[in-house]
Amino acid sequence: MPELPEVETIRRAIEPCIVGARISDVSLLDPSIAGPEGPESLQAAVGATVRAVLRRGKHLILLLNGNRGVVLHLRMTGAILLQEPATKARVRAVLSFSNGEKLLFNDMRRLGTIRHYQDMKPLLQRLGPEPLDEDFTADSLKESLSRHRIPIKAALLDQHIVAGVGNMYADEALFLARIHPMTPARNLDIPRVASLWKALRQVLTDAIGSKGASVSTYALPNGEHGTAHFGFNVAHKKGEPCPRCGMALQRVMVRKRGSYYCPTCQPPSGDTAGG
DNA sequence: CCCGGAACCTGAAGGC
DNA sequence: TGCCTTCAGGTTCCGG
């Protein structure tokens, strides 16, 4: 499941291959990948030069002239490949470039999208802060969380509150910060928010260093696997002993999302709803 | 505004 | 063995 570290890893891999090149062809083997705008809308990108490859949250952005952009979102099972896959591929789209490079959009479940934006500004502005940027501080996170009474786990998954965090890294950050996933966001005091802020940045930075977590279908554009999942403490580890205290890790549903945590290290606070 | 739930999608896993 | 149901989760949309 590609989250910020996985998309950032992909960005770094493809950037040197396509920056400065011209998009020579956009081929949609599965037209539904273009979303409601329809496959024709993507033809507007043909002929444009890739000025930069950016990441914003979980969005991968090929920045074109005039603040236009081609935006790829991998959703659950999407992957970007720079070469023909060895086996079991579900290639939904192929972007070809003037320098001979090809980007293959592989996606088993067909939830991923590719879109052309005439102006990137609306997308960039509606997303929350980048958790690894300097303007994302413990104070700004506290200010944002204080406006929501939803469970902190749900708040971390809200892309308007912080961009790029998904189910795995939300659970890992909450474990490091010793916060129960059901705790109402606005009830976290400054010290606990500061712990969470630090944990979020730690978890995401470490995962980028490990080139992402290859659970499910995620792989690098050259087919290699990331290793971040080997460092996980709680994600997808129901029943295994907590690495800190040894207690069996539990899994609960928070807003329909499987949430892994240690019942001892992350006890429900007195004000935790639904505990 | 705030919040919960459905829908999208397909392969794996579990029940009978 | 095999059919059927449920689950996985990022995002958007809809309704109370």
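Note that these values count all heavy atoms, side chains included, but never hydrogens, waters or copies made by symmetry. Chain letters run A, B, ... following the sequence lines, proteins first, then strands; residues in each count from 1.
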inquiry  = Suppose we screen for side chain to side chain donor-acceptor pair (under 3.5 Å). Which residues come up paired with A:Glu15, at least two apart in sequence or across chains?
reply    = A:Arg11

Kindly list each side-chain donor-acceptor pair under 3.5 angstrom involving residues 226-238 of chain A, sequence neighbours excluded, with atom names and distances?
from     : atom 1 : to       : atom 2 : distance (Å)
A:Thr227 : OG1    : A:Ser210 : O      : 3.4
A:His229 : ND1    : A:Ser214 : N      : 3.2

message = Let me check the geometry of the helix from B:dC2-C:dG16 to B:dC16-C:dG2. What is the bend angle between the axes at its two ends, five pairs each, to 10°?
response = 60°

query = Residues in side chain to side chain donor-acceptor pair (under 3.5 Å) with A:Glu40, at least two apart?
reply = none

note = side chain to side chain donor-acceptor pair (under 3.5 Å) filter on A:Glu37, not counting sequence neighbours, yields A:Arg115

request  = Under the side chain to side chain donor-acceptor pair (under 3.5 Å) rule, collect the residues that match up with A:Asn222, sequence neighbours excluded.
outcome  = A:Glu224

task = Have a look at A:Met76 and say if it touches a base, only the backbone sugar-phosphate, or nothing, with a 4.0 Å heavy-atom cut-off.
result = base

Nucleotide N/O of nucleotides 12-16 of chain C paired with protein N/O under 3.5 Å:
from   : atom 1 : to       : atom 2 : distance (Å)
C:dT12 : OP1    : A:Arg126 : NH2    : 2.7

request  = Could you state the atom-to-atom distance from CZ of A:Arg110 to P of B:dT10 in whole Å?
outcome  = 5 Å

Listed pairs under 3.5 Å, donor-acceptor, residues 60-67 of chain A side chains, sequence neighbours left out:
from    : atom 1 : to       : atom 2 : distance (Å)
A:Asn65 : OD1    : A:Arg51  : NH1    : 2.7
A:Asn67 : ND2    : A:Asp119 : OD1    : 2.8

key: Protein-nucleotide distance (A:Met108, atom CE; B:dA12, atom P), rounded to Å   = 7 Å

Closest listed nucleotide, where the reference is the side chain of A:Gln159 and the choices are B:dT10, C:dT11, C:dG10 = C:dT11

ask   = To the nearest Å, how far apart are A:Leu111 CG and B:dT10 C1'?
value = 8 Å

task = Look at the side chain of A:Arg109 and the base of B:dC9, then say whether one donor and one acceptor between them are separated by less than 3.5 Å.
result = yes

message = Counting the atoms with a prime plus P, OP1 and OP2 as sugar-phosphate, which does A:Met253 contact under 4.0 Å by heavy atoms, base, sugar-phosphate, or nothing?
response = sugar-phosphate

inquiry  = Strictly by salt bridge (Lys or Arg N to Asp or Glu O under 4.0 Å), give each pair with a member in residues 101-114 of chain A just once, sequence neighbours left out.
reply    = A:Asp30-A:Arg110

query = Can you tell me how far P of C:dC7 sits from CG of A:Asn167, to the nearest Å?
reply = 15 Å

request  = Identify, with sequence neighbours excluded, every residue that meets ring pair (Phe, Tyr, Trp, His ring centres under 6.0 Å) alongside A:His148.
outcome  = none

message = What is the separation between atom CE on A:Met1 and atom C1' on B:dC9, rounded to the nearest whole Å?
response = 14 Å

ask   = Which whole-number value in Å describes the distance from A:Ile161 CD1 to C:dG10 P?
value = 15 Å

ask   = Which part of the nucleic acid does A:Gly258 contact within heavy-atom distance under 4.0 Å: base, sugar-phosphate only, or nothing?
value = sugar-phosphate

Using a cutoff of under 3.5 Å, can you pull out all pairs of nitrogen or oxygen atoms linking the protein to nucleotides 3-5 of chain B, with atom names and distances?
from  : atom 1 : to       : atom 2 : distance (Å)
B:dC3 : OP1    : A:Arg149 : N      : 3.3
B:dG4 : OP2    : A:Arg255 : NE     : 2.2
B:dG4 : OP2    : A:Arg255 : NH1    : 3.1
B:dG4 : OP2    : A:Arg255 : NH2    : 2.0

query = Tell me, which of residues 27-43 of chain A have any heavy atom that sits under 4.0 Å from an atom in DNA chain C?
reply = none

ask   = Over how many whole Å does the gap from A:Leu157 atom CG to C:dG10 atom P extend?
value = 6 Å

task = State which residue, out of A:Lys211, A:Lys58, A:Arg55, fulfils the side-chain hydrogen bond (donor to acceptor under 3.5 Å, both in side chains) condition with A:Glu8.
result = A:Arg55

